[in-house]
Amino acid sequence: AQSVTQPDIHITVSEGASLELRCNYSYGATPYLFWYVQSPGQGLQLLLKYFSGDTLVQGIKGFEAEFKRSQSSFNLRKPSVHWSDAAEYFCAVGPGRTGTASKLTFGTGTRLQVTL
Amino acid sequence: GAVVSQHPSWVICKSGTSVKIECRSLDFQATTMFWYRQFPKQSLMLMATSNEGSKATYEQGVEKDKFLINHASLTLSTLTVTSAHPEDSSFYICSARDMSGAETQYFGPGTRLLVL
């Protein structure tokens, strides 16, 4: 069974500082990997995704993530955080090429607080 | 593109009544939609997978007679919480899978249900 671990429940960074949110997954093959962001009371917005190819993927809002197979990780990064980035971030894993509707497994989320 | 809407965004109802939540993919067709439940400060819990023209697939522990799902068209899925009770109060989020085969789920803004 696939699983996702986000070790940091809560992270606080200063505006302008760099950010890295950790995500580790457990899956037998190469999964599909996603990062979503959720603002309070809102749904989830897709930041970026990895299916195959280049292991460094670029997303929206200046975010990027790097797939490291050897570490089973897919950490999210941003070089300079803005106050508007404060939100809950979820890493998710899907079972890859199944040809059928793929269920996502979500991590428990990391709440990002940005101080001015 | 890839916009998913939910209606209503919030609803308050009396115990024992039924509540219907709609999930629509606005600019793409989705043979598969998913329904999630999210408790405060927690991750998303998949309730069921909704397939257009067929019965929904429920996750273990989710009562199918309690949470009725109908996926009547390629752009609409509905979740009906029957005989709602206070413990059904939660944030319900739907997602729609892009038919292009990109294996990406796009999420609606969520519906907050409060059962008195």
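Every chain is numbered from 1 and lettered A, B, ... according to where its sequence line falls, protein lines coming before strand lines.
Comparing B/Ser43, B/Gly108, B/Ser9 by heavy-atom pairs within less than 4.5 Å of chain A, the highest count is held by B/Ser43. Between chain A and the options B/Met45, B/Glu59, B/Gln105, the largest number of non-hydrogen pairs under 4.5 Å is found for B/Gln105. When B/Arg112, B/Gln38, B/Gln42, B/Gln6 are compared by the number of non-hydrogen pairs under 4.5 Å with chain A, B/Gln38 comes out ahead.
The minimum heavy-atom distance linking B/Phe107 with A/Leu44 is given by the pair CB-O, 3.3 Å. Taking all atoms of both residues into account, the shortest heavy-atom contact from B/Ser77 to B/Ile69 is OG-CG2, 3.9 Å.
Contacts of A/Gln38 with chain B are made by side-chain atoms alone, with heavy-atom separations under 4.5 Å and no backbone atom involved. Interface residue A/Phe106: backbone and side-chain heavy atoms are both found under 4.5 Å from chain B. Only the side chain of A/Leu46 comes within less than 4.5 Å of a heavy atom of chain B; its backbone N, CA, C and O stay farther away.
Among the candidates A/Phe34, A/Tyr36, A/Trp35, A/Tyr89, the single residue satisfying the ring pair (Phe, Tyr, Trp, His ring centres under 6.0 Å) test with A/Phe63 is A/Tyr89.
Remark: A/Gln42 pairs with no residue by the side chain to side chain donor-acceptor pair (under 3.5 Å) rule, at least two apart or across chains.
Note that OG1 of A/Thr12 is 7.5 Å distant from CG of A/Leu112, once rounded to the nearest 0.5 Å.
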